[in-house]
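Start at 1 and go down the list; that is how both ligands and their atoms are numbered. Residue numbers start at 1 and run along the sequence shown.
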Amino acid sequence: MAADSSTLYARAKEVIPGGVNSPIRACLSVESEPLFMASAKGSTITSVEGDTYIDFVQSWGPMLLGHAHPAVTEAAQKACAAGASFGAPCPAELELAELVIDALPSMDMVRMVNSGTEATMTALRLARGYTKRDKVIKFEGCYHGHADAFLAAAGSGYADLCIPGTPGVPADTVKDTLLAPYNNLDRVKALFELHPEDIAAIIVEPTAGNMGLVPPAEGFLEGLRTLCDQYGALLIFDEVITGFRLSYGGAQSRFNITPDLTTLGKIIGGGFPVGAYAGKREYMQHIAPCGTVFQAGTLSGNPVAMATGIATLNILKNADYAALEQRTAAFATELLGILKGKGVPVTLNTMASMFTIFFTETPVTDFATAKTANPKLYTAFYKQMRAQGIYLASLGFEAAMVSFAHTDEDFARALDAARKVQF
Ligand SMILES: *Cc1c(COP(=O)(O)O)cnc(C)c1O
């Protein structure tokens, strides 16, 4: 018997905390119940009720090709039939490693893991092991997964919950996490002046996607590079969202900045659980078994996940990123105009195939300005769009994701729906 989302949610809440396996899916901040999904194809996603939505979430980033791309599906099926996991090296790991290294200019070596969280957690461990220092600078509103060290003023689902330091993270674990506002070089400089010999790394989303979309200010990433060089700290670009999205070569190619370490996730798995951390040989050779910094994983380099990653990157390699960026900007700008016409305060940030409409008049350049957005207006927008078949992020502090599968008709339908929204 097919159950509806509401019935499934009630059952799920009995056996899964909050009824979901990742907090943001519960739709709490938009005062809604989650839709349980049955299938997805291209730009659309279909709930268990059989309702089809135009999807601007795209699994929060991985599905740049759209859902269930035939080449990716075929790769998964073939790999799965050949054995789901070996716990031994396989050729696909090597193939994906070479594809990734060819795409991103800053790296000689890459280690595959199973999530973005594992990637950032290990990149930090490596930076600490390499520099023999403990402190790390992160930016307010940036999200780097849920490892203890990063759960201080994080973005995304964590920002939603507004927990000032989560229970379960010992104060000692975050005492070495130093915070600065995004796009604020002076504060980073001040932290280095305070702790000139103790900072192992700066970790940054080179374009922030977890406080809503916030591009780096002119000179910000260059300034971080210079400060890291000056003080002997490593610069870690968390490209879990931006890798293969801002350009095929990620943010580092787009902005022409060379980080020391890079973390990847989302798109490189083509929808399967893959993360990676990478960098120059000088750093990466400190990872076990060639070095002493330990990291391991039973399912790491999983052959099915490697196959879908390879299939995805091989298509993206020749994809027209410039055209998608132009279509996304045109759509987002029209959406902005429609909402402005309704007299609500709105600000648009957009880059590549991502955008965020913030319900505020304040230009959004960091977490503090992002938080000037009115959550009630976003909730009203979210609910009315969803009722008209447009599926948006269940939190205002997220970037809308456009895929190569989105058609002009999808955009037109979304704009029509926006025209009917009432505040
Ligand atoms: C999603 C995300 C992560 C965490 O990745 P998971 O696969 O969810 O663990 C880390 N960093 C950034 C920038 C992300 O967007």
Side-chain angles (χ1 to χ4, degrees), residues 20-26 57-64 104 111-125 127 136-161 166 177 182 201-216 221 224 235-246 250-252 254-255 259 261-278 295 297 299-300 302 305 308-309 312 351-356 367 370 393-395 397-401:
V20 290
N21 280 312
S22 197
I24 200 167
R25 298 179 196 168
V57 181
Q58 296 288 322
S59 191
W60 307 97
M63 315 313 297
L64 181 54
L104 291 118
R111 172 61 69 80
M112 297 294 165
V113 292
N114 303 292
S115 67
T117 293
E118 258 189 90
T120 54
M121 179 184 88
T122 316
L124 177 59
R125 182 181 304 150
V136 59
I137 297 177
K138 86 170 274 288
F139 295 93
E140 290 158 12
C142 280
Y143 179 69
H144 303 294
H146 64 86
D148 285 359
F150 301 125
L151 290 183
S156 191
Y158 191 75
D160 178 21
L161 297 171
T166 183
T177 304
Y182 197 74
I202 297 177
I203 186 164
V204 64
E205 289 182 72
T207 291
N210 288 294
M211 50 180 130
L213 184 77
V214 179
L221 298 173
L224 297 182
L235 179 60
I236 306 172
F237 270 12
D238 182 353
E239 296 228 39
V240 171
I241 289 183
T242 56
F244 304 99
R245 185 173 285 274
L246 283 204
Q252 53 198 265
R254 183 171 179 130
F255 299 119
L261 296 174
T262 301
T263 55
L264 295 164
K266 300 196 168 115
I267 291 171
I268 51 162
F272 280 73
V274 183
Y277 61 97
Q295 177 268 319
L299 294 174
S300 294
N302 174 267
T308 52
T312 299
M351 183 170 294
S353 49
M354 296 184 284
F355 67 90
T356 299
F367 198 30
S394 51
L395 176 68
F397 297 126
E398 292 289 346
M401 300 286 176

Checklist entry - Which residue and non-hydrogen atom of the protein lie closest to atom 15 (O) of ligand 1, and at what distance in Å? => result Lys266 NZ, 2.6 Å
Checklist entry - Side chain, backbone, both or neither: which part of His144 has a heavy atom under 4.0 Å from ligand 1? => result backbone
Item to check | Contact atoms of ligand 1, heavy-atom distance to Ser115 under 4.0 Å | outcome: 7 (O), 9 (O)
Next on the checklist: Looking at Glu239 and Ala251, would you say the former's side chain and the latter's main chain have a donor-acceptor pair under 3.5 Å?
Outcome noted: yes
Next on the checklist: Just to verify, which of Val274, Ile241, Leu64 counts as forming a side-chain contact (heavy atoms from CB on, under 4.5 Å) with Lys266?
Outcome noted: Ile241
Checklist entry - Quick one: which ligand 1 atoms are inside 4.0 Å of a heavy atom on Ile241? => result 15 (O)
Checklist entry - Run the side-chain contact (heavy atoms from CB on, under 4.5 Å) check on Trp60 and Glu398 step by step: do they pass? => result CA-CA 9 Å; Trp60 307 97; Glu398 292 289 346; 3.7 Å; yes
Item to check | Thr177 side chain to Ala149 backbone, donor-acceptor under 3.5 Å | outcome: yes
Checklist entry - Checking Thr120 side chain against His144 main chain: does a donor-acceptor pair fall under 3.5 Å? => result yes
Next on the checklist: Any protein heavy atom at under 4.0 Å, with atom 6 (P) of ligand 1 as the reference point?
Outcome noted: yes
Checklist entry - So, is Asn210 polar-close to ligand 1, with some N/O to N/O distance under 3.5 Å? => result yes
Next on the checklist: Can a donor-acceptor pair be found, under 3.5 Å and without considering hydrogens, that links the side chain of Thr242 to the backbone of Gly250?
Outcome noted: no
Next on the checklist: Strictly distance-based, threshold 3.5 Å: is any side-chain N or O of Ser394 a donor or acceptor partner for the main-chain N or O of Ile24?
Outcome noted: yes
Next on the checklist: Distance under 4.0 Å to a non-hydrogen atom of Gly145: what atoms of ligand 1 satisfy this?
Outcome noted: 3 (C), 4 (C), 10 (C)
Next on the checklist: Which residue and atom name correspond to the protein heavy atom nearest atom 9 (O) of ligand 1, and how close is it?
Outcome noted: Thr117 OG1, 2.6 Å
Next on the checklist: Using a 4.0 Å cut-off to any heavy atom of Glu205, which atoms of ligand 1 qualify?
Outcome noted: 13 (C)
Next on the checklist: I need the contact type for Thr263 against ligand 1. Using non-hydrogen atoms and a strict under-4.0 Å cut-off, is it side chain, backbone, both or neither?
Outcome noted: neither
Checklist entry - Is the side chain of Tyr277 donor-acceptor paired with the backbone N or O of Val113 at a distance under 3.5 Å, no angle test? => result no
Checklist entry - Which residue and non-hydrogen atom of the protein lie closest to atom 11 (N) of ligand 1, and at what distance in Å? => result Asp238 OD2, 2.7 Å
Next on the checklist: Test your reading of the structure: does Gly116 have an N or O sitting under 3.5 Å from an N or O of ligand 1?
Outcome noted: yes
